[in-house]
Structures are given as structure tokens and as C-alpha cells.
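Following: one structure in C-alpha cells, then a few remarks.
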Protein chains: 2
Amino acid sequence: MDKQIAETINRIGPLDAAAQESARQRQDTLTKPLGSLGRLEELSILIAGIKAQPLPKTGRQAVIVMAADHGVVAEGVSPYPQEVTAQMVQNFLRGGAGINVLARLAPARITVVDIGTRAPFPPDPQLVARKVAPGTANMARGPAMSLQQAEQAIKTGIDILETEWARGLDIVATGEMGIGNTTASSAICAVMTGEPAEKTTGRGTGLDDQGLARKVMVIKQAIAVNKPDKKDAMDVLAKVGGLEIGGLAGVILAAAARRVPVVIDGFISGAAALIAVGLSPAVRQYLIASHLSAEAGHKILLEHLGLKPLLELGMRLGEGTGAVLGMMLAEAATRTLAEMATFGEAGVSEASSK
Amino acid sequence: MDKQIAETINRIGPLDAAAQESARQRQDTLTKPLGSLGRLEELSILIAGIKAQPLPKTGRQAVIVMAADHGVVAEGVSPYPQEVTAQMVQNFLRGGAGINVLARLAPARITVVDIGTRAPFPPDPQLVARKVAPGTANMARGPAMSLQQAEQAIKTGIDILETEWARGLDIVATGEMGIGNTTASSAICAVMTGEPAEKTTGRGTGLDDQGLARKVMVIKQAIAVNKPDKKDAMDVLAKVGGLEIGGLAGVILAAAARRVPVVIDGFISGAAALIAVGLSPAVRQYLIASHLSAEAGHKILLEHLGLKPLLELGMRLGEGTGAVLGMMLAEAATRTLAEMATFGEAGVSEASSK
């Protein structure tokens, strides 16, 4: 394996049990009935373990949005034309997309990365231009990319996370844009979980029944043609993945190595998490599942990862929109842990046994 | 019925169908696959209908926290001593409670109302002193309050909402504090939904099995002794309710009359909603259920109201904590509706049928 990737994986350690225990004990002294903040308490304890801090902060938030194109759209797997990938990147840069609005609200900064769109972009100070290739090849006919391109995508993600880390980063969310990327994600999900493509494939941006049937067939064909090895996540990424999916897998690996909690968005980010966990199982503990997407297959994916989503709002937009809402809940979790008064501080009587 | 209450109820109209339709149409032009923001889209359309505005704003947020004591604690229904109600009010005023932390995050202003605590409070500019009575009577032995007190509690809630309205208010959340108030809420829930007390009663702040059995018995006794009439919500409130529950019912009625969306918190706020809807069924459309509480009975209560909670985080703290998180989602909903670019504005191609 590539040296940078191997070194990143080597830096990923276990959660800090002492910080977790300290956070757990503090939760039990705060002015509320024991456990009454439910999953916010669990989340605060998890983040303490991830960051190895008894009172972790999550104020400096970033969402990394990776954009790329997919050769498989030639098979007619999306109701949107391929140009929409680049058009939406422009929308991100001008602040008009869903992720822009929610990131302003959080607030979280956005980093938009061209890791593999087909279109040439004029230089833009807001766009991180790191094109590994102008889109993938059509995975229904052969591998989506070379092994070297897959590694390059992951290394790019590592670089991007490292740059965010250098800017000051407490928590990171994953987002993406790429017409055709639910097709790649469904293929990854089918391979990595062992479920049939019928179960891991959904309507994406809005296929009708006929379109859905075609998409399932294309995914089955891609798997049959390429024979990805589920024990080799890099092989799976190269053969049936996408450049933005590889990039996000790199972001996830590097975030875990830096002890930065990663809030994963929906189905495509979940596919990136499958790849990252396939490369390094220790990564799993650093993941926070923000929401359950309406896209079929996401439930299977999260169950396979052993993750329970925080939100279930029927969303399926991607871009990191669910993940940014998840970061708002993470902030609620760490702020209540840090800022609530204890029974002793507030002079509030504790419970007796009744 | 009291004139102020009747006049408030008379002002509650239907949702504005034109504003809803306008919001729905705009959602379908925004740069995202149709319906892909799921419940955020539904929520934005609902709020448009409530506020009679095609592009409603929810930036000016308030949470109203009503505190009161309950005579029924004499029956041993809570593991916490009654003094905790007043101690927690002090905690609210000093900013150390869960609701303070989450309200700062939202951000939402907090109004803390003493509508019926036992303790005399020294004057405090942060505390709205509107004590109807120093706690209710023990409902296991007779009515919790007189009909006049119940009406006074509701009128107080109306006054409080009107004051918030005068300060500038786009959306309001309900919160409460009152040792013993899950007992009153379970009794209200049993009466209004017709379900047995065993199903509407939970562990509150942390009862053990024996304590829970005693609580159920006390609730059954309160209902047997008082014979509340489910067709007369004011009667139910007076006989087995609480002053903070009446106050919040008043807040809900007045908010609906002002076309202000009301984000209801957990089980006790839900009991207040049952009373408000009992007094005026049109109120129901103005309610947003923020979360599903871990407290047994809340699910029954929400299903009876026909409301689907936005969040399910295993919370059961009350104070308005879940409701404030719900207001954050409401803000995400209205901001995406208002601020996202349309396909036309962004020059993004639309979907074809596939």
C-alpha cells in the first residue's frame, strides 16, 4: 500500500477510555435526572473518547464537499445530466445550495474540492482544485479507475483533512456531489456487505421503476465484469467506486488519525466509510452517523458498520446536509457536558431511591 | 368559559392554504432533487401555513419555561424532593441548566415563569413572578385546583405569550419544571386518550419498579376520586393537572391565535397540548412535535394528537430541551426554503424522466 496511506492508518489508535470515563462521570453529576439527555450524553462521551479530552470542544466545524463525475452515467442511471455535477459545484461556490444554507446556520465552514469532475473549472479561490482524473470510467465495462487513481483519491482526501486540521478543526462532516454516485455507492455497499444489488440500490435523485431496474442491472454487471474483492477495500474502490468516495475515505482515515470526530452524511458518505473501515477497522469508532437517508441501502450500510443514525428526517440530498445537522447535535452534546452546572455547584438536591 | 380564553380561542383560524401552496411550489424549484430535504420541506410548508407567509422566518425564537409544584408528591411519586423545583428555577436564572445551554446554542431567549411553585422567591429581574397558587393540592385526595385556578393558569399563559409576541416572536417552544409533573401528565394522558394509567405512566425522573407501581396506583386513585370529564378539558386540567401545564396550554392557545408555530417539548408539554387541543381542536395544526421522549406514554400522547416527532434521541429531561433542538430544525427548514437558489437562478439543469 502507498506509504502515506499506510502511515495514516498506523496513527489510528483506540478511543481514550479515561477521557470517556471522565465524561461519563461528569454527566452523572450534572443537574438533570441520570441519563435524561439520552443520546446527547452518549455522543458527548464518544466525542470525549475520540478527542481524548474529558471536556471536548466541537466549535470549529468544517464540512468537506468532494465533487466528481462517473463514467457509469453513460448507462442511463440518473435522471439528471452529467453537467449537473459541475453546475452544482458552481452553486456551492456561490452559496446557493442546501449545504451552504445549513453550513451558515451551524455554523460550519465549507471546503469544496474538485477531485474528479469532467468539466475544466476556471481558477476560483473558493474551489480546491485537486482533480485526480476527469471522472471515472464506465464501471459497467471495466474498472472505474486504476489502483493508482484510487490511492491518489485517498491521498487527496488525507491532504485535504490535514489542511483543515492546520486551519483549526474540532469536528468534520463529509459531503459530496456527483451525478451517478449513488450507483457507485450501491455497488460498494453490495460488495462490502454481501447483500444483493436489489437491496442496496435506490432511486437516487429520482428514478422511476424502469430506471431503478436498469440501475440494478448495471450494478450487477459492474460487479460481474470487475469481480471486486471485498477483503480488499482499495480494489473495491478502484473497480466500482468513485473519486469523491475515495477522497472522503481519505478524509475519514486522516480525521481518525488526528482524533477528529467524523460526522458522516448519507448513502455516498456511508460508502466512503465502508471503504475507510475496510482499510482500517479501527476507524469505525471515530464515525458519527448523522442521519438515516431515504435512499434504499443506507440502512443496510449503517447496520453493517454498527452505527445508529442520530436523525431520521427522510432526507436524501447528500452534499453533507444531514451531516451538518448532525454536527449541530454534536455541539449540543459537548456544550451540555461542558456548560451545565453540577448538583453541587447549583445547590440542587439529588434523587433518593424510590 | 372565561372571556379572555374564549376570545383567544375565537381568533384561532385554519392554516393559510395559499402560503402553503406557494412554499410547496418554491420547494420544487430549489436546486435539489424533488423532495430530497424530506421532513425539512414538510416543516417549511407547515410553518408557511401557520404564519400565512410564503417565506416564513423563524429567527426570533423563545422558549417559555413554566415552573410549578404538585401536591401529589406527598404520595411519594418522585425520587426527587419537592425543593428541587425551586432549586432548578434558581439554576435556570443563573444559566446552569440544560435548557440554558441549548437555548444559548439555538439561540433562543428564555422566559422563566413562576406560575405556581411552593417556594417564595425573592424578586429577580430574570424571573416572571405570576404565581397562581403555591402549588396544587394533592389530586389523589381531591381536585388539584379549583376551576378558577385552572382558568387563571391558562390566562397567565396567554399573557406570557402576548408579552413575548410584543417583544418580537417568530416561533415559540414550551418547557417546564415541576417535581411531580409527570404524574399529573400521565393522569391527563390517561383521561384524554382513554388509555389505562399503566400505559400512560413512566418512571419520570427515575423511579424503580416499586415506585412506578405506586405512581400508577396514585394516578388511578386521582382519576377515581375526581372523575374528570374527558369532554371538558378545563375540568381535566383542574382535577388532575398542574399550574405549569395550564400555563403552557395558555401559551399554546395564544400562540395559535397569533399564528406563531409552537414547538412542543416532551411528555409534560404534550399534556399541555392535549388540554389546549381539548379546548380548541384547531390548535393542533399549529403544533410541531420536537422529539419523542423516553418517558412511557409520550408515544400514545403524540399518536392521539396525530403528531410525528422530529427527533428520537431518548431524551426525557423536559425544561424545553427537546423543543429547542426542534426549533433549530425549524430554522434549518425555513432557511433552506428561503435561501437556496432555484434551478433557474443557479443555471442548473433539471431532471428528465428516467
Side-chain angles (χ1 to χ4, degrees), chain A residues 30-40 76 78-81 83-84 87-88 90-91 94-98 100-102 104-105 204-208 210-211 294 310-318 321 325 328-329 331-332 335-336 339-341 345-354, chain B residues 30-40 76 78-81 83-84 87-88 90-91 94-98 100-102 104-105 204-208 210-211 294 310-318 321 325 328-329 331-332 335-336 339-341 345-354:
Chain A
L30 300 177
T31 44
K32 57 179 168 54
L34 277 179
S36 60
L37 280 175
R39 294 196 65 198
L40 292 189
S78 175
Y80 284 88
E83 306 88 81
V84 168
Q87 291 166 347
M88 283 301 296
Q90 294 290 3
N91 199 15
R94 286 191 297 249
N100 299 100
V101 179
L102 295 180
R104 286 195 291 270
L105 183 62
T205 50
L207 288 174
D208 60 19
Q210 204 186 337
L310 290 165
L311 293 160
E312 189 173 344
L313 295 170
M315 290 167 63
R316 51 180 172 81
L317 174 51
T321 47
L325 296 179
M328 291 165 69
L329 292 180
E331 180 76 349
R335 291 273 291 270
T336 42
E339 296 180 18
M340 280 180 70
E345 285 162 3
V348 174
S349 308
E350 297 199 46
S352 62
S353 175
K354 252 185 195 164
Chain B
L30 299 177
T31 42
K32 57 179 167 53
L34 277 178
S36 61
L37 279 175
R39 295 196 65 197
L40 292 189
S78 173
Y80 284 88
E83 305 88 81
V84 167
Q87 290 166 347
M88 283 301 297
Q90 294 290 3
N91 199 15
R94 287 191 297 250
N100 298 101
V101 179
L102 295 179
R104 285 195 291 270
L105 183 62
T205 50
L207 288 174
D208 60 20
Q210 203 186 337
L310 291 166
L311 294 160
E312 189 172 345
L313 294 170
M315 291 166 63
R316 52 179 171 82
L317 173 53
T321 48
L325 297 178
M328 291 165 69
L329 292 179
E331 180 77 349
R335 291 274 292 270
T336 41
E339 296 180 19
M340 279 180 71
E345 286 162 2
V348 174
S349 308
E350 297 199 45
S352 62
S353 175
K354 251 183 196 167

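Residue numbers start from 1 in every chain, and the chains themselves are labelled A, B, ... in the order their sequence lines are given, proteins ahead of strands.
Heavy-atom pairs under 4.5 Å with chain B were tallied for A:R335, A:R94, A:K32; the largest tally goes to A:R335. Among the candidates B:E345, B:E312, B:M328, B:M315, the residue making the largest number of heavy-atom pairs closer than 4.5 Å to chain A is B:M315. Comparing A:L105, A:L310, A:T336 by how many heavy-atom pairs each has under 4.5 Å with chain B, the most go to A:L105. For the options A:M88, A:E83, A:Q90, heavy-atom pairs under 4.5 Å to chain B are most numerous at A:M88. Top candidate by heavy-atom pairs under 4.5 Å with chain B, chosen from A:S36, A:G96, A:G95, is A:S36.
Summarising the geometry, atom CE belonging to A:M340 is positioned 6.0 Å from atom CG belonging to B:L317; distances are rounded to the nearest 0.5 Å. Distance CD/A:E331 to CG/B:L102: 10.5 Å, rounded to 0.5 Å. Rounding to the nearest 0.5 Å gives a distance of 9.5 Å between CG of B:L37 and CZ of A:R316.
With a 4.5 Å cut-off on non-hydrogen atoms, B:L329 touches chain A through its side chain but not through its backbone. Both the backbone and the side chain of B:L313 have a heavy atom closer than 4.5 Å to some heavy atom of chain A. Contacts between A:A294 and chain B at a heavy-atom distance below 4.5 Å are absent for every atom of the residue.
For B:E350, the side chain to side chain contact (heavy atoms under 4.5 Å, CB included) test picks out B:F343, with sequence neighbours left out.
Considering all non-hydrogen atoms of both residues, A:A332 and B:L325 come closest at CB-CD2, 4.0 Å. Counting all heavy atoms, side chain and backbone alike, A:N91 lies closest to B:A341 at OD1-CB, 3.7 Å.
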